[in-house]
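Atoms within each ligand, like the ligands themselves, are counted from 1 in listed order. Numbers for residues simply follow the sequence, beginning at 1.
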Amino acid sequence: MSVEIFYDDDADLSIIQGRKVAVIGYGSQGHAHALSLRDSGVDVRIGLPEGSKSRAKAEEEGLPVGTPAEVSAEADLIMILAPDTAQRHIYANDIAPNLKDGDAVFFGHGFNIRYGLITVPSNVDVAMVAPKGPGHLVRRQFVDGKGVPALIAVEQDASGTAQALALSYAKGIGGTRAGVIKTTFKEETETDLFGEQAVLCGGASALVQTGFEVLTEAGYAPEVAYFECLHELKLIVDLMYEGGIARMRYSISDTAEFGDLTRGPRVITPGVKEEMRKILGEIQDGTFATEWVNEDDAGRGNYKKLQQEGEQHPIEEVGKKLRGLMSWVDRPITETA
Ligand SMILES: NC(=O)C1=CN([C@@H]2O[C@H](COP(=O)(O)OP(=O)(O)OC[C@H]3O[C@@H](n4cnc5c(N)ncnc54)[C@H](OP(=O)(O)O)[C@@H]3O)[C@@H](O)[C@H]2O)C=CC1
Ligand SMILES: CC[C@](O)(C(C)=O)C(=O)O
Ligand SMILES: [Mg+2]
Ligand SMILES: [Mg+2]
């Protein structure tokens with residue numbers, strides 16, 4: 001199945017420059033979209049509740065800030081970049097009552113539409129611009145003249161021009177510099193959740209922690225284990241990013257490559273692949289979405305416990321010490337731009 005990929009020349013920036021955009025939320029994605037749209041000549045305002053700790057950060061950048069209801073009333077394109085679990089409440093209380101004919105509701109991830117948590121009236125466009133990267137890097141790449149690839153999707157095309165609008169928005173945040181693929185809310189949501197759970201975040205974190213544990217439990221120095229299992233992973237992935245797994249294998253020693261080819265499949269066994277399929281199944285049938293929404297409704301007790309366990313893993317302590325000695329590596333966890 002071939003996909004459509006759009007680049008800068010396929011998108012008309014003047015379309016988004018002609019809209020009044022409200023970005024709801026000013027976190028990882030929110031700050032990146034808002035600042036890059038503003039730098040692209042777009043009229044942007046930020047929606048945050050009174051008392052939100054993000055308000056000061058948006059105000060420091062000179063962005064107009066109002067409550068989600070105020071900015072939704074003022075804008076004709078509302079991009080929802082608040083946490084996925086909060087979006088249905090924000091939509092019902094603050095956005096829906098302020099929607100007018102011709103407005104557009106945008107998302108950075110399809111969760112709430114895919115799982116039926118938000119339904120938008122048929123006179124309003126519903127589209128998605130979902131960068132395939134963390135918000136802080138979306139902003140950093142934009143500032144550096146580069147871009148993070150993005151997916152766009154149109155769920156509801158009331159205006160008949162929703163795709164051109166989404167492409168224009170994607171250009172405003174640098175997505176069309178790298179390539180924008182047209183997809184559906186269903187495909188974006190399911191692949192994004194799978195990627196972050198099985199490979200990018202869940203899979204990679206567990207692989208790094210487990211490798212570190214095996215080495216340190218066998219008596220090797222934590223510093224050596226940290227460099228081997230975490231620090232060097234970035235350098236290896238940089239090569240994959242530049243030229244695929246083949247480029248990485250070209251650069252490593254033949255000893256490493258023989259170990260890679262013979263031992264890799266012993267780590268990622270058919271059982272691991274089977275578990276990945278189960279994880280995908282739970283995403284497709286809504287089990288994961290229900291579990292996450294219920295966890296949030298119940299106060300996130302299990303989430304916070306697991307988060308704390310992760311923060312207390314010995315790899316964090318040794319990593320903090322070693323990164324402190326590499327000024328070019330250290331990035332504050334609270335980076336905003
Ligand atoms: N993180 C990422 O890089 C990516 C995220 N996405 C998607 O982008 C969306 C936003 O995620 P992310 O940027 O991680 O979110 P963050 O948690 O980083 O930021 C959320 C923002 O929303 C604000 N907020 C919280 N509650 C409300 C509310 N009731 N009304 C308005 N604003 C509120 C928060 O303010 P406060 O300071 O008060 O908490 C904060 O500014 C999600 O749909 C996510 O799936 C998509 C691609 C990548
Ligand atoms: C990989 C995690 C992600 O999907 C992302 C940065 O793309 C997210 O939801 O944060
Ligand atoms: Mg993602
Ligand atoms: Mg995601």
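Counted within 6.0 Å of CG on D9, heavy atoms from surrounding residues, nucleotides or ligands total 12 or fewer; the atom is thus considered open.
Ligand-side atoms of ligand 1 in range of Q87: 42 (C), 43 (O), range being under 4.0 angstrom from any heavy atom. Taking every heavy atom of G133 and a limit of under 4.0 angstrom, the matching atoms of ligand 1 come to 3 (O), 48 (C). Short contacts between ligand 1 and I90, defined as distances under 4.0 Å to a heavy atom of the residue, involve ligand atoms 27 (C), 28 (C), 29 (N), 30 (N), 31 (C). Per-residue contacts place Y26 under 4.0 angstrom from the following atoms of ligand 1 (heavy atoms of the residue considered): 21 (C), 40 (C), 41 (O). Close approach of ligand 1 to I24 (heavy-atom distance below 4.0 Å) involves ligand atoms 31 (C). For ligand 1, the atoms closer than 4.0 angstrom to any heavy atom of G27 are 18 (O), 19 (O), 21 (C), 40 (C), 41 (O). Interface atoms of ligand 1 facing H109, defined by a heavy-atom separation under 4.0 Å, are 7 (C), 43 (O), 45 (O). For ligand 1 and S52, the ligand atoms under 4.0 Å from any heavy atom of the residue are 35 (O), 36 (P), 37 (O), 38 (O).
The protein heavy atom nearest to atom 46 (C) of ligand 1 is G108 O, 3.4 Å. Among protein heavy atoms, the minimum distance from atom 39 (O) of ligand 1 is reached at K53 NZ, 3.2 Å. Among all protein heavy atoms, the one lying closest to atom 48 (C) of ligand 1 is Q29 NE2, 3.1 Å. Protein heavy atom closest to atom 18 (O) of ligand 1, with residue, atom name and distance, is S28 N, 2.9 Å.
Using a 4.5 Å heavy-atom threshold, the side chains of I118 and F107 count as touching. Between I78 and L99 the shortest side-chain heavy-atom distance falls below 4.5 Å. The closest side-chain heavy-atom distance from K20 to R45 is below 4.5 Å. Looking only at side-chain heavy atoms (C-beta outward), T67 and D94 stay at 4.5 Å or farther from each other. Within the 4.5 Å cutoff, the side chain of I252 has heavy atoms near those of the I236 side chain. Taking the side chain as every heavy atom from C-beta outward, V208 and I315 approach each other to under 4.5 Å. Proximity of M248 to D260: side-chain heavy atoms (C-beta onward) are separated by under 4.5 Å at one or more points.
Scanning V23, V138, L81 for the heavy atom closest to atom 15 (O) of ligand 1 points to L81. Which of P131, S54, A130 comes nearest to atom 40 (C) of ligand 1 through a heavy atom is settled by distance: it is S54. In this structure, of T85, D84, V148, I80, the residue bringing a heavy atom nearest to atom 42 (C) of ligand 1 is D84. Of the listed options G135, A150, G30, P49, P49 places a heavy atom closest to atom 32 (N) of ligand 1. Comparing heavy-atom distances from atom 20 (C) of ligand 1 across P83, A32, G25, A86 singles out P83 as nearest. Counting heavy atoms only, A82 comes closest to atom 11 (O) of ligand 1 of the residues G51, G47, A82.
Between Y169 and F106, the ring planes lie tilted relative to each other; the angle falls in the 30° to 60° range. Below 30°, between 30° and 60°, or above 60°: for F111 and H109 the angle between ring planes is between 30° and 60°, a tilted geometry.
Protein N/O/S atoms closer than 2.8 Å to the Mg ion (ligand 3): D192 OD1.
Nearest heavy-atom pair across A73 and K100 is O-NZ, 3.4 Å.
The pair K321-E317 fails the salt-bridge criterion, with no side-chain N (NZ, NE, NH1 or NH2) lying under 4.0 Å from an Asp/Glu carboxylate O.
Residues F212 and Y226 place their aromatic rings such that the two centres sit no closer than 6.0 Å.
For D144 (side chain) and K146 (main-chain N/O), no donor-acceptor pair under 3.5 Å exists by modelled atom type. Not one N or O on the side chain of N93 forms a donor-acceptor pair closer than 3.5 Å with the backbone of I90.
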